[in-house]
Every structure is written in structure tokens, then in C-alpha cells.
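Note on naming: letters A, B, ... go to the chains in the order of the sequence lines (proteins, then strands), and numbering restarts at 1 for each one.
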Protein chains: 2
Amino acid sequence: MSNPPDGTRGARARARAEVTAAIKDEARRQLAAEGAAKLSLRAVARELGMASSALYRYFPSRDDLLTALIIDAYNSLGESAEAAEAAVAEAGPAHRWTAVCEAARAWALAHPHEYALIYGSPVPGYSAPQTTVPAAARVGLLLIDIVRDAHRGLGVAKPPLPAELRAEAERMTADLAPDLPPEVVTALVAAWAQLYGLIGFELFGQFNRVVEDREPFFRLAVARLAHGVGLVYPQQGRTD
Amino acid sequence: MSNPPDGTRGARARARAEVTAAIKDEARRQLAAEGAAKLSLRAVARELGMASSALYRYFPSRDDLLTALIIDAYNSLGESAEAAEAAVAEAGPAHRWTAVCEAARAWALAHPHEYALIYGSPVPGYSAPQTTVPAAARVGLLLIDIVRDAHRGLGVAKPPLPAELRAEAERMTADLAPDLPPEVVTALVAAWAQLYGLIGFELFGQFNRVVEDREPFFRLAVARLAHGVGLVYPQQGRTD
DNA sequence: CGCATTGCGAGAGCAGTGCTCTCGCTTGAT
DNA sequence: ATCAAGCGAGAGCACTGCTCTCGCAATGCG
């Protein structure tokens with residue numbers, strides 16, 4: 001029969017996809033248990049009951065395995081954030097902003113080693129290939145959308161933009177969100193980076209013995225970030 | 001002779017200190033060249049013309065070598081920041097704040113792998129020992145000092161503090177800067193984390209194809225951080 | 001249906017790693 | 001002058017990523 005009975009053409013390809021997934025699953029297990037640097041191809045193969053050399057049929061090198069895990073991690077984080085945003089889609093922009101930020105933090109706390117993989121120091125000497133870009137952009141695009149919605153014909157007070165940054169700010173605006181004012185776009189990109197500073201410091205132990213009750217601290221910082229991009233909290237009261 | 005002829009007691013100890021320094025120097029070279037994960041004890045020993053086993057007389061394990069490098073890196077960064085601050089000690093707080101932040105960024109760009117060592121993902125499975133704490137705190141203490149000076153009997157407008165954060169904010173304040181209002185201390189700690197978010201994103205490639213002209217962008221973001229902790233820029237004009 | 005092709009798993013092997021242990025030499029203090 | 005401590009070197013263990021070759025099995029073509 002020349003027609004494949006299942007979705008992927010050929011049972012061969014199907015098996016291949018399954019083994020590939022099994023390898024990534026086991027690798028993710030080891031990643032979560034020991035961290036990226038202790039992820040060992042041989043240990044993965046051992047756990048899967050196959051020869052280490054067989055693994056190279058699926059991933060040409062350890063770095064390629066890591067790249068696959070990185071893309072998956074970006075997508076997992078992106079999905080979490082998108083789901084959290086969708087759950088409060090009807091609420092105001094400030095609420096949606098907070099939901100996305102808190103989803104990112106929650107995902108990071110739940111998958112610390114995967115977070116370290118994508119937002120910590122890039123793994124040893126290795127620089128992420130272009131393939132990761134679309135997955136990596138998901139959270140950022142979400143934040144842009146939210147701010148865009150908030151600014152739709154609203155005309156928020158814009159902080160002044162230094163002359164030296166004018167050109168670059170307009171270039172960034174054209175690339176990212178042509179319908180937003182450059183003042184907001186720069187603030188947005190900065191807030192995006194700062195969000196991961198907050199998450200990283202908590203995750204990597206910089207807040208140890210400094211900030212103990214992290215959740216309300218994070219909430220306040222995120223609210224201030226929101227304020228910086230022109231979102232206003234309607235009511236700061238208790239939400240429980 | 002029971003009196004040591006040189007500063008450190010015994011010529012033996014002197015030699016030991018020199019070898020220790022040589023090892024760290026070579027290790028730092030490899031760190032800068034290839035990154036932390038490719039730092040190899042054997043390669044260091046090879047380069048120094050000694051047996052790999054001899055190296056263990058100086059550092060009981062690879063992690064201990066890394067810890068030493070981490071402390072040195074924190075101190076190097078701290079010194080850079082302190083020097084930059086001292087150079088503009090007479091200027092206003094906002095200027096001093098900017099000087100510290102820009103010194104941190106410049107140091108990070110000049111020593112990317114060392115920066116990754118201390119502010120990137122903590123190296124594989126390894127968690128920094130308590131020894132690193134004083135060195136790690138230097139930049140943070142600098143920022144606190146600056147804000148403290150700015151607030152000395154000034155009474156800046158404070159953003160409101162949510163009730164859920166009140167207790168924690170007061171605890172942090174007692175630990176870090178009892179003479180500052182809790183509203184400012186929380187903003188300060190957040191700004192501290194966010195600063196490293198900005199630096200990390202630039203260093204680790206997240207800004208590639210997003211922010212191209214990084215310096216003015218960083219300057220603006222840092223100015224806004226300063227604003228958030230109550231520092232006011234006297235004059236935002238061109239400074240060249 | 002038969003056959004050539006292709007994909008795949010296994011094993012051996014290479015170069016490299018962190019780390020340990022034991023052996024002597026050299027140096028320093030007594 | 002003696003003795004102990006510090007130190008360097010070498011061999012060796014268990015592990016890593018990666019390569020190459022071999023033989024089996026499934027696949028798709030005529």
C-alpha cells in the first residue's frame with residue numbers, strides 16, 4: 001500500500017517520532033533532576049535500554065538535543081502564558097498583564113532547570129540557532145498585544161524620549177508594534193527584560209535572605225511595570 | 001630563623017599563594033575563552049605544565065575552583081561599580097545611580113562569561129556557598145547608599161504599598177536600610193533585580209534583532225529605574 | 001512476490017574529563 | 001641533623017561525547 005494508514009506517512013516515521021519523543025522525555029527528566037550540564041546522552045540511552053550510539057540516529061549531537069529541549073521549553077512557557085491570558089481575556093489590560101507575568105513566574109518555579117536553559121546563561125559556548133526565535137517570542141508578543149489593546153485610541157501620558165534614543169526607538173517601533181508610540185515600545189521592551197530579571201533573581205537564589213515572601217513582592221513589581229507601559233490598575237484592593 | 005623574611009609567614013606559603021593565583025589566572029583565561037562548562041582542570045594543569053593531580057593540592061574540586069572564580073568576579077564587578085561611583089561622588093544621586101548601573105553593564109560586556117557565572121544560571125547542580133554572600137552584596141549595598149543619601153531628610157512622594165506586602169516590606173527594610181521608608185526599599189530591591197534583567201537580556205542575546213542601539217536604551221531604562229526609587233534627574237540634556 | 005535500498009540498533013574504540021591513591025622528593029621547622 | 005609536612009608526578013577508575021563499522025529488519029519498487 002502506498003497510502004500511509006496513519007497520519008504520518010509510514011509506520012516507520014511513526015516509530016521514529018515515538019522514539020524521538022521518548023528520548024526528549026527522558027532527557028527532560030534528567031534535566032529537571034540534575035540540570036543541563038549533567039544531562040548525559042549515555043544516561044538517557046541507558047535509561048531507555050538502547051545503545052548510546054543509537055541515539056545519534058535521532059539527534060546528531062548533544063547540543064541538538066538541547067536545542068530541541070529549548071524550543072519545547074519556550075513553547076511550554078508560551079502556552080502557559082497564553083492560557084493564563086486567555087482565562088482573563090475579558091478583564092482589563094492590567095489584569096491580563098499581571099496574569100501573563102504571574103504565569104511566567106509560575107512556570108519558571110515549576111520548571112527551574114528548563115527556565116535556566118532558556119533564560120539563564122546560554123549553555124557552554126553554544127549559541128541558540130535561529131530556529132528557536134519564533135518560540136522564544138511568544139511571551140513578548142503577548143505582552144505587546146495587551147499593551148496594544150490598552151492603547152487603542154486612548155492616548156496615555158507618555159514619558160519623554162531622549163533625543164539620543166529617538167532613532168532607535170522608532171526602528172524598534174516599526175519592527176514590533178507600528179501602531180504604538182515609540183515611548184511605549186521602549187518602555188515595553190525594558191519591562192519585558194526586567195520581568196525576567198525579577199524571575200531570575202528569585203529562581204537563582206539572589207533573593208535568598210533578602211526577599212522571603214516573594215509572591216506579593218513580585219505582584220507589586222509587576223504592577224509597577226504595568227504602570228510604566230501605560231496600564232492602569234482599576235482597583236488595587238484584595239482580589240480573593 | 002623563626003621570623004618570616006617576607007610578608008606572608010614562610011616562603012612556602014608565599015609560593016603556595018603564587019601557584020594558587022596562577023591557577024586562577026589560567027582558569028579565568030579559559031573561562032573567558034570558552035565558558036564555564038568547558039573549563040577543564042586538566043587543561044589548566046596542562047597549560048601550567050603541571051600534573052592534573054597536583055592541582056588538587058590547591059583546589060579540592062572543580063567546584064571549589066569555580067567558587068573562587070565566582071567570588072573574584074563579584075569583587076571585580078563590585079570594585080568597578082564602586083570606582084565608577086567614587087568618580088562622580090560629588091554629583092547628584094541620580095548621576096551616581098546611573099554611574100553604578102552603567103559600570104555594571106560595562107563590566108558585564110567586558111567579562112561576559114564571568115557575568116554568566118555569577119548572574120546566569122548557577123553552574124550545574126552546584127549551589128553557591130555562603131562564602132560568596134559578602135562579595136555578591138557589594139553592588140546592592142552601593143545602590144542602597146545612593147538612595148539613602150538622596151532620601152536624607154527629603155521626604156519623597158511614596159507609591160502606595162499593598163496591604164499584603166506590608167509585613168514583608170517592613171522586614172526587608174529592617175534588614176537592609178532601616179532609615180528608608182518600606183515603599184522605597186521594595187522599589188529598590190525590585191530595581192536591583194530589574195537592572196540585571198536588562199543586562200542579562202543584552203548579554204545573552206535576547207535583544208538580538210530587537211534592540212540594536214543598546215547604550216541609550218539602557219540609559220533610559222536605568223533613568224526610569226532611578227525615578228522609581230525616588231531619584232530625580234536634574235537635567236536630561238546631552239552629556240557629551 | 002522478490003529484491004535492493006534504506007533506516008536502525010549494537011558494539012568497539014578514541015580522546016577527553018573529574019577525581020583518587022600511592023609513591024618519592026624537597027622543603028621547612030625543630 | 002632529623003623528622004614531618006607539603007607537594008608533584010604517575011597510574012588508574014569511572015564516566016563523558018562522538019565515530020565507525022557491522023549486521024539485521026523493515027520499506028518501497030519493479
Side-chain angles (χ1 to χ4, degrees), chain A residues 1-24 26-27 29-31 33-69 123-126, chain B residues 1-24 26-27 29-31 33-69 123-126:
Chain A
M1 312 162 184
S2 54
N3 268 355
D6 40 40
T8 66
R9 74 162 173 291
R12 198 95 217 198
R14 182 191 187 84
R16 182 177 179 85
E18 270 174 28
V19 175
T20 304
I23 292 172
K24 288 204 291 185
E26 176 56 31
R29 268 200 57 251
Q30 293 195 16
L31 186 65
E34 297 277 10
K38 292 201 176 169
L39 196 170
S40 148
L41 286 191
R42 292 181 109 112
V44 170
R46 208 178 303 134
E47 212 67 24
L48 262 52
M50 60 198 293
S52 67
S53 54
L55 224 146
Y56 286 83
R57 299 276 177 197
Y58 299 88
F59 296 94
S61 83
R62 185 179 179 277
D63 277 3
D64 290 271
L65 212 197
L66 276 178
T67 300
L69 294 181
V123 180
Y126 147 103
Chain B
M1 312 155 185
S2 53
N3 269 354
D6 42 40
T8 67
R9 73 162 173 288
R12 198 93 220 198
R14 184 191 185 82
R16 183 179 176 82
E18 271 174 27
V19 176
T20 305
I23 293 173
K24 287 204 290 186
E26 176 58 31
R29 268 200 57 252
Q30 293 195 16
L31 185 65
E34 298 276 12
K38 290 202 177 170
L39 195 168
S40 149
L41 285 193
R42 293 181 108 111
V44 170
R46 209 179 302 134
E47 211 67 25
L48 261 51
M50 60 200 292
S52 66
S53 55
L55 223 144
Y56 286 83
R57 300 275 177 198
Y58 299 88
F59 296 94
S61 82
R62 185 179 179 276
D63 277 1
D64 289 270
L65 214 198
L66 277 178
T67 301
L69 294 181
V123 180
Y126 147 104

Of the residues in residues 40-48 of chain B, which ones touch DNA chain D at a heavy-atom distance under 4.0 Å? B:Arg42
Gap between atoms CG and P, on B:Asp63 and C:dC19 respectively (whole Å): 7 Å
With A:Ser53 via side chain to side chain contact (heavy atoms under 4.5 Å, CB included) - residues at least two apart: A:Ala51
Out of C:dC19, D:dG10, D:dC18, which nucleotide sits closest to the side chain of A:Ser61? D:dC18
Separation of atom CG in B:Leu65 from atom C1' in C:dT17, rounded to whole Å: 15 Å
Is there a side-chain polar atom (N or O) of A:Tyr58 under 4.0 Å from OP1 or OP2 of C:dG9? yes
Regarding B:Ser61 and B:Asp64, do their side chains bring together a donor and an acceptor under 3.5 Å, going by distance alone? yes
For a quick test of your reading: what N or O donor-acceptor pairs under 3.5 Å do the side chains of residues 15-24 of chain A make, sequence neighbours left out?
| unit_1 | atom_1 | unit_2 | atom_2 | d |
| --- | --- | --- | --- | --- |
| A:Arg16 | NH1 | A:Arg57 | O | 3.4 |
| A:Arg16 | NH2 | A:Arg57 | O | 2.8 |
| A:Thr20 | OG1 | A:Arg16 | O | 2.7 |
| A:Lys24 | NZ | A:Asp72 | OD2 | 2.9 |

Say you draw a straight line from CD of A:Glu34 to CZ of A:Arg29; how long is it, rounded to the nearest 0.5 Å? 10.0 Å
Sugar-phosphate, base or nothing in reach of B:Leu39, heavy atoms under 4.0 Å: sugar-phosphate
At 4.0 Å (heavy atoms only), tell me whether B:Phe59 reaches a base, stays on the sugar-phosphate, or touches nothing. nothing
Taking N or O atoms only and anything under 3.5 Å, show me the protein contacts with nucleotides 23-27 of chain D, one pair per line.
| unit_1 | atom_1 | unit_2 | atom_2 | d |
| --- | --- | --- | --- | --- |
| D:dA26 | O4' | A:Arg12 | NH1 | 3.4 |

Heavy atoms of B:Tyr58 and B:Ala54 approach each other most closely as CD1-O, 3.6 Å
Nearest whole Å is fine: how far is D:dC7 C1' from B:Arg14 CZ? 19 Å
So, under a plain 3.5 Å distance rule, would you say the side chain of A:Ser53 forms a donor-acceptor pair with the base of C:dG9? no
Tell me the closest heavy-atom pair linking A:Leu69 and A:Ala27, and the distance in Å. CD1-CB, 4.0 Å
For A:Ile23 and C:dC8, what is the distance between atoms CD1 and P respectively, to the nearest whole Å? 11 Å
Distance in angstrom units between B:Glu34 CD and C:dT17 P, rounded: 11 Å
Partners of A:Gln30 by side chain to side chain contact (heavy atoms under 4.5 Å, CB included), sequence neighbours excluded? A:Glu26, A:Ala43, A:Val44
Are any non-hydrogen side-chain atoms of B:Leu66 and B:Phe59 less than 4.5 angstrom apart? no
Rounded to the nearest Å, what distance is computed from the CZ atom of residue A:Arg62 to the P atom of nucleotide D:dC15? 17 Å
Which residue lies toward the 5' end of DNA chain C, B:Pro60 or A:Met50, if each is placed at its nearest nucleotide? A:Met50
With a 3.5 Å distance limit and no angle check, can you tell me whether A:Arg62 reaches the backbone of A:Leu39 through a side-chain donor-acceptor pair? yes
Just the rounded figure in Å: distance from C1' of C:dG18 to NZ of B:Lys38. 17 Å
Phosphate OP1/OP2 of D:dC7 contacted by B:Tyr56 side-chain N/O (<4.0 Å): no
